[in-house]
Amino acid sequence: MTVTRTETAGSAWAPLASNIFRALWIAQLVSNLGTWMQTVGAQWILVEQPNAATLVSLVQTATTLPVMLLSVPSGVLADLMDRRRLLIGAQTSMAVLAALLAVLTATGHTTPGALLLVLFLLGCGQALTGPAWQAIQPDLVPRSQIPAAAALSSMGMNVGRAVGPALAGALVAVTGPTTVFALNAVSFVGILVVLLRWRRPAADLELPTERPIAALQAGLRFIHAAPAIRRVLLRCLLFVAPGSALWALLPVIAHSRLNMSSSGYGLLLGALGVGAVLGATQVGRLRHRFGPSRLLAASAVGFGLATLGAAVVPNILAVLALLVIGGFGWMASMSTMNSIMQLLLPGWVRARGLSVYQLVFMGGQAIGSLVWGLIAGSIGSVDTLLIAAAMLGICALSVLWWPVRVSSIDTTPSAHWPEPVLVFEPAPEDGPVLVLANYRVPEENAGEFIEAMARVGRSRQRTGAMEWRLFRDVGHEDRYVEAFVVRSWEEHMHQHQVRLTANDELAEQRVSEFTIGEGPTRHLIAVGPPDVTRVRRR
């Protein structure tokens with residue numbers, strides 16, 4: 001399963017023509033500024049504490065660890081409930097928590113433990129927000145503009161990364177961290193105002209909403225049966241795990257090795273942000289010219305050079321230049337992987353798939369930051385960054401074994417299965433459902449038929465089948481039987497009406513090229529076995 005190159009088509013600024021997208025994009029840009037200002041303020045509170053390297057790295061862990069706990073459940077919620085209400089609730093909670101942190105700091109009650117606890121709770125809000133925000137893109141802009149909308153969202157995040165740390169560094173130096181925490185609380189207001197004014201059209205649902213546990217299992221089955229998505233998740237982990245070292249240890253490097261103040265640390269983060277913004281403007285052209293695998297390799301090399309420079313280069317200007325390169329590489333890598341995920345995932349499972357991507361991305365940062373902080377506490381920050389830089393070099397080389405391949409896929413919904421003929425209407429919870437389909441295949445087509453059916457089997461599993469097998473009928477020379485099991489009649493109806501795509505239809509059309517006839521498809525509902533013990537006693 002692979003992706004198209006439609007992401008390069010159309011204007012990069014076209015989504016801003018949508019009033020609601022433009023308003024949300026501006027509001028989120030302001031919120032991103034506040035979030036990055038908060039990060040700098042929090043890290044600078046801890047930088048002079050005992051065991052500073054470990055405590056500072058825990059800031060990244062506290063804000064990203066919640067993703068490991070809530071990302072996938074958040075994706076399920078974003079696919080099942082009203083995303084606007086979910087976003088309003090999460091943003092309101094985060095505004096209250098940010099205001100609480102400002103009050104605690106102003107009154108002198110921000111201990112390292114209290115700070116990390118509030119940051120953890122704010123991270124819970126971010127975990128709830130991430131999948132829902134990405135999943136509402138089709139509600140804001142036409143489908144053809146979704147890649148451009150995703151790129152603009154990434155650009156907004158990285159503008160915040162470029163400007164926020166520099167502003168925070170200056171404010172912390174002049175007024176202390178209380179001001180940046182208060183400004184972060186205010187930054188949530190814009191998003192709340194836009195969401196409250198947005199009237200999202202009510203969904204016209206003909207099927208009952210999926211049950212949460214069943215929806216979670218369906219999402220995980222989809223990813224398990226999608227090799228291209230699993231490859232993107234692997235590449236994300238290989239890059240983020242060593243890449244998190246630089247983000248976690250940069251404040252210690254700024255304070256201890258480069259002898260910089262909080263404003264200097266903000267300047268270093270700003271250099272990474274500037275590189276990320278530059279990357280956002282060029283990544284589409286570079287991906288189209290060089291392909292995703294080579295771009296991912298070059299991005300790992302660029303971020304590895306920035307990590308190496310932070311560890312050993314004595315000249316601050318040279319370090320800043322390398323950090324710009326690193327920011328470019330970070331943005332190019334993240335944007336490439338995110339856009340591929342967006343294009344691979346059909347609408348019915350988009351939030352769940354993106355939540356797993358977010359889990360790998362943010363979870364890799366959380367665990368990586370903790371591990372690198374502990375290593376730095378033992379062997380020092382410089383040697384730790386040298387190890388991380390070497391691992392990024394290995395990440396670049398790994399595309400030789402685990403490349404990301406690109407070709408065409410169409411995730412447009414396609415309800416092409418005929419409705420089953422019923423003599424009675426099963427209840428939604430009835431099941432499991434066994435589906436049997438018969439095929440007549442000439443002997444000379446058998447090999448190609450079996451190969452084509454393997455693709456169909458992955459389609460069945462992505463769309464809901466718990467089990468799938470192809471059988472050959474020993475009583476007929478040219479007959480094959482496809483059998484797959486779906487958990488319930490309700491889920492099979494979702495498979496019929498919601499989950500199939502044009503790509504699945506193409507897979508089935510390929511199979512028909514090698515058959516000379518198909519029998520009627522049968523649907524069997526499991527029934528409870530008789531009480532054997534009671535029968536024997538009678």
Side-chain angles (χ1 to χ4, degrees), residues 1 207 214 217-218 220-227 346 409 413-536 538:
M1 191 160 75
L207 295 171
Q217 293 169 335
L220 295 178
R221 282 197 300 270
F222 181 93
I223 292 172
H224 183 265
I409 183 172
S414 173
H416 58 274
W417 283 0
E419 290 298 315
V421 177
L422 305 177
V423 296
F424 70 93
E425 181 70 33
E429 65 274 11
D430 284 351
V433 180
L434 173 63
V435 182
L436 299 175
N438 296 279
Y439 303 89
R440 290 184 57 201
V441 183
E443 182 65 28
E444 62 271 18
N445 292 345
E448 292 172 304
F449 167 79
I450 292 172
E451 182 179 346
M453 283 300 297
R455 183 180 173 187
V456 169
R458 290 192 294 271
S459 167
R460 306 288 196 245
Q461 291 171 310
R462 286 194 302 270
T463 56
M466 298 186 298
E467 300 177 31
W468 178 90
R469 292 297 298 268
L470 180 65
F471 299 89
R472 185 172 184 180
D473 189 339
V474 297
H476 297 80
E477 184 177 357
D478 61 352
R479 186 169 298 171
Y480 291 78
V481 179
E482 175 194 13
F484 62 93
V485 178
V486 184
R487 180 175 298 277
S488 67
W489 184 253
E490 176 185 27
E491 184 159 5
H492 186 50
M493 288 300 96
H494 278 275
Q495 190 178 28
H496 260 267
Q497 300 179 28
V498 178
R499 297 181 180 178
L500 294 171
T501 67
N503 195 64
D504 299 315
E505 185 176 11
L506 286 174
E508 295 178 29
Q509 289 174 353
R510 175 66 173 167
V511 167
S512 66
E513 296 176 9
F514 308 111
T515 64
I516 57 175
E518 300 179 8
T521 299
R522 293 191 294 161
H523 298 77
L524 290 78
I525 298 286
V527 295
D531 189 331
V532 178
T533 303
R534 186 182 304 170
V535 171
R536 286 177 177 175
R538 290 176 182 174

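At distances below 3.5 Å, at least one donor-acceptor pair connects side-chain atoms of Asp430 with backbone N or O atoms of Ala427. In this structure, Arg479 contributes its side chain and Val474 its backbone to no donor-acceptor pair below 3.5 Å.
From Arg440, atom CZ reaches atom CD of Glu477 across 11.0 Å, with rounding to the nearest 0.5 Å. From Asp504, atom CG reaches atom CZ of Arg458 across 11.5 Å, with rounding to the nearest 0.5 Å. Distance check: Glu491 CD to Thr463 OG1 gives 9.0 Å after rounding to the nearest 0.5 Å. Atom NE2 of residue His523 and atom NE2 of residue His496 lie 4.0 Å apart, to the nearest 0.5 angstrom. Expressed to the nearest 0.5 Å, how far CE of Met453 lies from OH of Tyr439 amounts to 4.0 Å. Rounded to the nearest 0.5 Å, atoms CZ (Arg221) and CZ (Arg487) are 6.0 Å apart.
For the pair Arg455/Asn503, a side-chain contact is recorded, criterion being any heavy-atom separation below 4.5 Å from C-beta on.
Evaluated for a side-chain contact (heavy atoms from CB on, under 4.5 Å) with Leu524, the options Leu436, Val485, Val433 yield exactly one hit, Leu436.
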What side-chain donor-acceptor pairs closer than 3.5 Å can you find for residues 413-424, not counting sequence neighbours?
residue : atom : partner : partner atom : Å
Ser414  : OG   : His416  : ND1          : 3.0
Ser414  : OG   : Glu505  : OE1          : 2.9
His416  : ND1  : Ser414  : O            : 3.1
His416  : NE2  : Glu508  : OE1          : 3.4
His416  : NE2  : Glu508  : OE2          : 3.2
Trp417  : NE1  : Glu508  : OE1          : 3.3
Trp417  : NE1  : Glu508  : OE2          : 2.9

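Of all heavy-atom pairs between Ala437 and Thr521, the closest is CB-OG1, 4.0 Å. A pairwise comparison of heavy atoms in Ile525 and Gly431 identifies CG2-N, 4.1 Å as the closest pair. Looking at every heavy atom in both residues, Phe222 comes nearest to Arg462 through CD1-O, 3.2 Å. The two residues Ala225 and Gln461 come nearest to each other via the heavy atoms CB-CB, 3.7 Å. The two atoms that bring Phe514 and Val441 nearest to each other are O-CG1, 3.5 Å, heavy atoms only. In this structure, Ala465 and Val486 approach most closely via the heavy-atom pair CA-CG2, 4.3 Å.
Taking a cutoff of 4.0 Å between a charged side-chain nitrogen and a carboxylate oxygen, Arg472 and Glu443 qualify as a salt bridge.
At most 12 heavy atoms of other shown residues, nucleotides or ligands fall within 6.0 angstrom of atom CD in Glu451.
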**Message:** Working note: Arg460 + Val435, criterion side-chain contact (heavy atoms from CB on, under 4.5 Å); need CA distance, chi angles, decisive distance, verdict.
**Reply:** CA-CA 11 Å; Arg460 306 288 196 245; Val435 182; over 6 Å; no
**Asked** Should Trp489 and Glu425 be marked as a side-chain contact (heavy atoms from CB on, under 4.5 Å) after you check the CA-CA gap, both sets of side-chain angles, and the distance that decides it?
**Response** CA-CA 10 Å; Trp489 184 253; Glu425 181 70 33; 3.8 Å; yes
